[in-house]
Amino acid sequence: MTGGAPGGRATSAPLMGRDAEPTLFELSSPGRVAANFRATGLPEWTAEDLVPAAHLRNEPTPVAEVSERDLVAHMTRLSHRQFSVDLGAYPLGSCTMKYNPKLCDDAVARAGLADVHPAAPPRLTQGWMALFADLEEALCRITGMAAATLQPPAGAAGELTGLLLMRAFHGAAGEDGRRRRVLIPDSAHGTNPASVTLGGYAVTQVPSDDRGCVDLDALVARLDDDVAGIMLTNPNTLGLFEEDIVAIAGAVHEVGGLLYYDGANLNAILGVTRPGDMGFDIVHMNLHKTFAVPHGGGGPGAGPVAVTERLSPFLPGPRPVRTDRGPSGPSSGLQGAYEWVEPERSIGRIHSWHGNALALARAWSYILANGGDGLRKVSDAAVLNANWLRHRLRGAYDIPFDRPCMHEFVASATNLKRDRGVRALDVAKRLLEEGFHAPTTYFPLVVEEALMIEPTETESPQTLAAMADALLRIAGDTAEDARNAPRTSPVGRVDEARAARQLIPTWDARPAEGGSPPIGPQGLSEQRF
Amino acid sequence: MHFVPHTEAEVAEMLAALGLASVEQLFDVVPAALRLAGGLDMADGLAEADVAGRFDAYAAANRPVGADLVCFAGAGAYDHDMPSVVNRLAYRSEFVTAYTPYQPEVAQGVLQALFEYQTLVCRLFGTDVANASLYDGASACVEAVNLAVAATGRPEVWISRGVHPHWRQVMTTMAVGTGHHLTDIALDDGLTSWPESGLPGAILVQSPNYLGCLEDVGAAGELARRLGALLIVAADPVSAGLLISPGSLGADVVVGEGQPFGAPLSLGGPYLGLFACRREHVRRLPGRLVGETVDTGGRRAYVTTLRTREQDIRREKASSNVCTNQTLMAVAFLVHLAWLGTSGLRELALRCARGTRYTREALLVIDGVEPLAGAPTLREFAVRTPLAADILVDRMADEGFLAGVALGEEYGGGLLVAVTEKRTKAEIDAYVVAFEKVVR
């Protein structure tokens, strides 16, 4: 690949020493204080004056006792022991670890958004309500749906919301008692069947065929009027477009079932096609994937759910609805007065308030920045990048379904395991040494030694080339090399069995004798920087 | 604008490597009938400066709390002082743009932060183990109920009406899926009036409760034990600075809303679901759990553990579907609470209690303002007012105060008032003057 150095390769990141970072509790010194409080002029009543004796604790609640300086150094050092999108590429399939634009961080760093109380009267929160309404409208346009709830705080929460909507819909037709099954492909993400169970349904698994797609005949064989619906993602978790989707939709609708779209892979089809046009009735989106809301080490995300018109009366409430009674609040150009409205047959609240509002706002700033034209470019580049990488790796890695993919593809380390004893896990750890995060491993379950790779659209061709070169190098590794990886990270491979066997979930749960394992390396003969 | 780096020349080079003539061909697999003719019907992208302008407009159409709208509203969302370290540390981009820590070798930062967070939650609540966060107080209650039903095999759950009404609404929504039978237990003068007999799998009490009253958690624990049920307590992390811990009073599961530490009011999200329990329930703990271990060099390290509980492994047999949680909010909670420290947490709780008492006594002097409940309160209290609460709040807003939160029908109306350490005597005095003027 011509051009400059790979922007998404993190091998330059410096590390100062190889010890573990002490915990906050080890950094504590009795009597050390960081906190300070404003002067209030209030009477200095004591705890005994204020709390009835039966409720008052004797000893102070233990927290920690560190100086501000040490707290800052501690958290800063912890941040240096952490890979992140800002440091380098994360080709994790189904996670869509794209660049998180900083304008989105700034968008929500406004007191007029961050300091608004959720129980404030609506006339004081018209800005938020307008933002929600604008975001909802855009998400509906992107997915081809009629209305949406922004309450679900994550994709899994969105899935459960969708299943409860299914129940409400069928219940309204007097059919909830009969429709007890939900179909799920064998390649589905684990949250899907877990959500089905929580929704009170039973899972019927549908096998994939040798194209890697849902086996249409097998699907039809499993369809009956006791089916509530089907949960699908398109493209599926193998990164392949479900070519029979129109037939699938027809078959499910014919028995009176509903189609649920898991939006994890929406990044492949923005501006190209829409789940609403494919026949889906309920769609969830992962704003922390497709719409660049940062992952935050595991959250907060957001999982809005959009529906067709006939399902909209069941949406969770309350929802911000424009009543067109004229402008409200300080002059701002925002038209119309918004009210909180409970949908007529609402399934009720899904969240204590209105969802992860600041995450929703970040996603809206991302959509505004991209616009319709920018979003289409996202999918173009995401699909181009994935195909280019797949093409580069074939031959060295098994590619079970070696045909044009969408935004991600699944490779397999089966050949490496067979020929050299190098497993997907080892490939993942070796890639960490090469300055990239590992891809998703051992998922989907339908591929052995799976490596699910999704480069995303924000990685440059140079980064992709470097990543491909790294993976090709790894394909030539000996088992010895591979099993010792990663050698350059703050810690080596960890003993997961010990973590489960001798559960230590807090600092205070450490065994009394012997205490905690040492911070520094013991008997580590060689260190590489 | 967009964030795709590829130049036209690079795209051409990549297409050539694939033997393709155009980017369009990448989508040949999508049936023509499904192709969106003309692209998305949306405005073109905006420059950064224009996005900022749009957001200025949204912000300007809200009234945030501040000097112009002094906050006396609580109800599970509190206006606390946030130390400057929270934004500087928790919002470092290494934490913000990190993924879930599935590759522990390059995720020790997040993993250790979560370990420390779990430790603090357990210290606050007097429990053995805490998870790495849930979405909010409501979802923590949902998960606690699910755990208790699974542990006892009894699908009946008693829930005090002192538990936040929105949290009860969420539990009701979720119970449609699980089939659990939820029974609301009434309050009497602000405290839960429990039945003497029955076969619940769990009893759920909040303390301080929604009306700010301190419940008899010990008695609830004895009742639960007698009935063979699990005790779930919804507790408040700020009040934990002064109150006997629910764990030491026999709680099997302790849940709560972590917003007071590290999360701005932000119209209710993202917040933080706190979830902790006794060690005997750890196999049913929902969500992620971080544990201490060693690496191949014998060096201390952290890793997500007991993974077989989670959805990606147990799939339809999983007891919870939680995947993405609120990790960054847990990091912010850690920073805020670590900065407060042991003495600061107690000082904070004390200051909230002082402001609350001072405000309550001053309001009760006003003609027509009566306490809604006789039970003792700590950082929040409810009053009956001569004017309907929602009208009062509306008029007080014009006076520059967010007066409180109007209580619903089930409490017989009234106003819920919260006073944090942020409120000065001068602010409270001005609030009381305005209050009297408005209700006169």
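In the text below, chain A, chain B and the rest are named by the order of the sequence lines, each starting its count at 1.
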K.L.:
Could you tell me whether a side-chain N or O of Arg354(B) sits under 3.5 Å from a main-chain N or O of Trp45(A), the two making a donor and an acceptor?
P.N.:
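Yes, Arg354(B) side chain to Trp45(A) backbone: donor-acceptor pair under 3.5 Å.
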
K.L.:
Look at the side chain of Glu316(B) and the backbone N and O of Val203(A), then say whether any donor-acceptor pair between them is shorter than 3.5 Å.
P.N.:
no

K.L.:
When you compare the side chains of Trp339(B) and Glu68(A), does any donor N or O come within less than 3.5 Å of an acceptor on the partner?
P.N.:
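The criterion, which ignores hydrogens and geometry beyond distance, is satisfied for Glu68(A) and Trp339(B).
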
K.L.:
Is a side-chain donor or acceptor of Thr293(B) paired with a backbone partner of Arg498(A) at a separation under 3.5 angstrom?
P.N.:
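Side chain of Thr293(B) to backbone of Arg498(A), a donor-acceptor pair under 3.5 Å: no, none is there.
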
K.L.:
Between Gln108(B) and Arg81(A), do the side chains contain an N or O donor and an N or O acceptor separated by less than 3.5 Å?
P.N.:
no

K.L.:
Would you find a donor on one side and an acceptor on the other, under 3.5 Å apart, between the side chain of Asp136(B) and the backbone of Ser352(A)?
P.N.:
yes

K.L.:
For the interface with chain A, which of Leu267(B), Leu18(B), Asp56(B), Asn325(B) has the highest count of heavy-atom pairs at distances below 4.5 Å?
P.N.:
Leu267(B)

K.L.:
Please list, chain by chain and in numerical order, all residues satisfying side chain to side chain contact (heavy atoms under 4.5 Å, CB included) with Asp394(B), sequence neighbours excluded.
P.N.:
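Side chain to side chain contact (heavy atoms under 4.5 Å, CB included) check on Asp394(B) returns Arg123(A).
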
K.L.:
Would you mind checking if Lys429(A) and Glu105(B) are paired as a salt bridge, meaning a charged N to carboxylate O distance below 4.0 Å?
P.N.:
yes

K.L.:
For Arg92(B) and Ser79(A), test the side chains for any donor-to-acceptor distance below 3.5 angstrom and give the result as yes or no.
P.N.:
yes

K.L.:
Check this for me: does any side-chain nitrogen of one of Arg38(A) and Asp81(B) sit under 4.0 Å from a carboxylate oxygen of the other?
P.N.:
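Looking at Asp81(B) together with Arg38(A), the answer is yes, because their closest N to O distance falls below 4.0 Å.
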
K.L.:
Quick one: side chain to side chain contact (heavy atoms under 4.5 Å, CB included) partners of Pro264(B), sequence neighbours excluded?
P.N.:
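Pro264(B): side chain to side chain contact (heavy atoms under 4.5 Å, CB included) contacts with Ala114(A), Asp115(A), Leu358(A), Met82(B), Ser266(B).
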
K.L.:
Side chain from CB out, backbone as N, CA, C, O: work out which of these in Val51(B) comes under 4.5 Å of a heavy atom of chain A, or both, or neither.
P.N.:
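Only the side chain of Val51(B) comes within 4.5 Å of chain A.
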
K.L.:
Give a yes or no on whether the backbone of Ala61(B) and the side-chain of Gln126(A) come within a donor-acceptor separation of less than 3.5 Å.
P.N.:
no

K.L.:
Tell me whether Arg88(B) at atom CZ has more than 12 heavy atoms from other residues, nucleotides or ligands lying less than 6.0 Å away.
P.N.:
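Not more than 12 within 6.0 Å, no.
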
K.L.:
Does Asp19(A) come within less than 4.0 Å of Arg300(B), counting only side-chain N to carboxylate O?
P.N.:
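Judged by the 4.0 Å cut-off on N to carboxylate O distance, Asp19(A) and Arg300(B) do not form a salt bridge.
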
K.L.:
Quick one: does any side-chain atom of Thr324(B) pair with a main-chain N or O of Gly299(A) as donor and acceptor, under 3.5 Å?
P.N.:
no

